[in-house]
Amino acid sequence: MSEKIADDEWEWYIGKLYAKLIEKVHVGNLETVVELALGYRYKIAYALKEFNFKGNLYVIDTNKEVLEYIKEMYTKFLPEANIICINKNFENCFDNIPNEFDLFLSNHSIDDMIIVEYMEKSYINNLGKDDFRDILSEAWKELGKDTNMIENITNDVYLSFKRFFDNKKIETIIMSQYKSNLYFKEEFKEMDEITENCFNKIKQLVNMDNDYINKVLEYYPFGEDDERYNGKYLLDNTQNAKNWIVGSDLC
């Protein structure tokens, strides 16, 4: 399946979770928002649409085609917002981002940041190919065998966030890293196990009330009778505070 094909219902669903978290956690206006590592996805656009967002939205991605797609898609969702595309790695974009802003958002980006650093140019060269998921899976399996490489890469990713949070004044941070569908295949655990350890380190940089966030995530966008969104799978995964970072930085 092409990376450009998104399940719109899933985009909407995750967007509703972000909207609920923003509603219950963020205090004040939404004038400047930063989103990191979008890929060909628009969950955050669904979330910001709930607030009729009209401010400045900085979107950061290393892929020019992704940013062209996002510019077009986000403009449809947020016609009065100013979409500012930054085609750089996270660690190189700090000077392009305001020193103070309202909201930092990133959905399921830590795994991408880890594997992009490991695969280097091979990631970009294969992105969008029909067998990309197989190539990605093999890369994760290879990385899973190299403990030194895992430590070096995950530490680099962690330090990027630490430097960013140290250098910026951010009112509210909301990030997710729920388990992927690939994780639930018994033969493939490397991606989420490596990513979870890195995500938990980053989580320590943020002042977060896990009990409160779990109460906020006890929320059923499709109604309580819809088994897809009222079952153990989602309550243990997408709707569980352990897979979210929500709060303010500790710096």
Side-chain angles (χ1 to χ4, degrees), residues 18 21-22 24-39 43-44 47-48 53 55-63 66-67 70 82-118 120 123 143 148-178 192 194-213 216 241-251:
Y18 270 91
L21 289 166
I22 295 168
K24 295 297 184 182
V25 175
H26 183 71
V27 178
N29 296 327
L30 285 179
E31 297 179 355
T32 305
V33 176
V34 176
E35 183 181 0
L36 173 65
L38 299 76
K43 300 173 179 70
I44 300 304
L48 294 177
F53 180 72
N56 293 318
L57 174 58
Y58 293 80
V59 291
I60 307 160
D61 203 282
T62 57
N63 189 308
V66 163
L67 290 173
I70 288 302
N82 180 28
I83 314 296
I84 303 160
C85 297
I86 302 173
N87 183 214
K88 291 184 178 181
N89 292 327
F90 183 42
E91 61 270 20
N92 296 326
C93 77
F94 294 6
D95 290 342
N96 302 96
I97 302 296
N99 288 327
E100 298 184 15
F101 57 94
D102 303 305
L103 199 56
F104 177 77
L105 304 172
S106 187
N107 185 71
H108 216 280
S109 64
I110 306 303
D111 56 325
D112 287 338
M113 295 175 73
I114 291 171
I115 204 62
V116 165
E117 184 168 340
Y118 176 66
E120 298 179 332
Y123 183 93
L143 177 59
N148 288 332
M149 184 68 76
I150 292 169
E151 182 176 355
N152 290 338
I153 291 176
T154 55
N155 191 55
D156 284 347
V157 172
Y158 163 78
L159 288 175
S160 293
F161 282 96
K162 186 177 188 308
R163 286 192 291 269
F164 189 72
F165 293 161
D166 283 346
N167 285 280
K168 304 295 181 183
K169 183 178 179 181
I170 310 169
E171 290 293 329
T172 307
I173 297 164
I174 304 179
M175 301 172 58
S176 69
Q177 193 62 50
Y178 44 85
D192 284 294
I194 294 168
T195 301
E196 183 178 1
N197 289 332
C198 183
F199 184 74
N200 286 337
K201 283 184 66 178
I202 297 167
K203 196 168 188 172
Q204 300 307 308
L205 300 172
V206 175
N207 182 26
M208 175 173 171
D209 184 339
N210 284 275
D211 291 337
Y212 177 68
I213 297 306
V216 174
K242 68 183 179 182
N243 294 323
W244 290 82
I245 297 172
V246 184
S248 56
D249 69 82
L250 295 170
C251 303

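Checked against side chain to side chain contact (heavy atoms under 4.5 Å, CB included), E91 has the following partners two or more places apart in sequence or in another chain: N89, S160. Applying the side chain to side chain donor-acceptor pair (under 3.5 Å) test to N210 and every residue at least two apart in sequence or in another chain returns K203. N92 pairs by the side chain to side chain donor-acceptor pair (under 3.5 Å) definition with nothing, not counting sequence neighbours. With sequence neighbours excluded, the residues that form a side chain to side chain donor-acceptor pair (under 3.5 Å) with H26 are T172. With sequence neighbours left out, the side chain to side chain donor-acceptor pair (under 3.5 Å) criterion links N29 to no other residue.
Separation of atoms CG (N243) and OG1 (T195) is listed at 11.5 Å; rounding is to 0.5 Å. Summarising the geometry, atom CD1 belonging to I202 is positioned 12.5 Å from atom NZ belonging to K162; distances are rounded to the nearest 0.5 Å. Taking OG1 from T62 and NZ from K88, the interatomic distance works out to 13.0 Å, rounded to the nearest 0.5 Å. For the atom pair CG (L159) and CG (L205), the distance works out to 9.5 Å, reported to the nearest 0.5 Å. The structure places CG of L30 at 9.5 Å from OG1 of T32, a figure rounded to the nearest 0.5 Å. One distance of note links CZ of F199 with OG of S109; it measures 8.5 Å at 0.5 Å rounding.
Between the side chain of Y178 and the main chain of N107, no donor-acceptor pair closer than 3.5 Å is present. With hydrogens and angles disregarded, no donor-acceptor distance shorter than 3.5 Å links the side chain of E171 to the backbone of G28. No side-chain donor-acceptor contact under 3.5 Å links D102 to the backbone of V33. Judged by distance alone, the side chain of N87 and the main-chain N or O of D61 form a donor-acceptor pair under 3.5 Å.
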### Task
Report the C-alpha separation of N96 and I60 in whole Å, then their side-chain angles, then the decisive distance to 0.1 Å, and conclude whether the side-chain contact (heavy atoms from CB on, under 4.5 Å) test is met.
CA-CA 10 Å; N96 302 96; I60 307 160; over 6 Å; no
Carefully, step by step, assess I114 and L143 under the rule side-chain contact (heavy atoms from CB on, under 4.5 Å). CA-CA 10 Å; I114 291 171; L143 177 59; 3.9 Å; yes
Fill in: M175/V206 under side-chain contact (heavy atoms from CB on, under 4.5 Å): CA gap, chis, key distance, verdict
CA-CA 11 Å; M175 301 172 58; V206 175; over 6 Å; no
Audit row: F161, K201, side-chain contact (heavy atoms from CB on, under 4.5 Å) steps and yes/no:
CA-CA 10 Å; F161 282 96; K201 283 184 66 178; over 6 Å; no
Indicate every side-chain donor-acceptor pair of residues 150-158 with a distance under 3.5 Å to a residue at least two apart or in another chain.
from: N152; atom 1: ND2; to: N148; atom 2: O; distance (Å): 3.3
from: T154; atom 1: OG1; to: I150; atom 2: O; distance (Å): 2.7
from: T154; atom 1: OG1; to: E151; atom 2: O; distance (Å): 3.3

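Taking the side chain as every heavy atom from C-beta outward, V246 and V216 never approach each other to under 4.5 Å. Using a 4.5 Å cut-off on side-chain heavy atoms (C-beta onward), Y212 and V25 make contact.
Of all heavy-atom pairs spanning Y18 and S106, the tightest one is OH-O, 3.1 Å. Taking each heavy atom of G39 and I70 in turn, the nearest pair found is O-CD1, 3.6 Å. Closest of all the heavy-atom pairs between S248 and I173 is C-CD1, 4.4 Å. Heavy-atom minimum distance, F165 versus I170: CD2-CD1, 3.8 Å.
By the 30° and 60° cut-offs, the orientation of the rings of F90 relative to F94 is perpendicular.
Of the options E196, H108, K242, a side-chain hydrogen bond (donor to acceptor under 3.5 Å, both in side chains) to Q177 is made by H108 and by none of the others.
Remark: aromatic rings of F164 and F104 are close, center separation under 6.0 Å.
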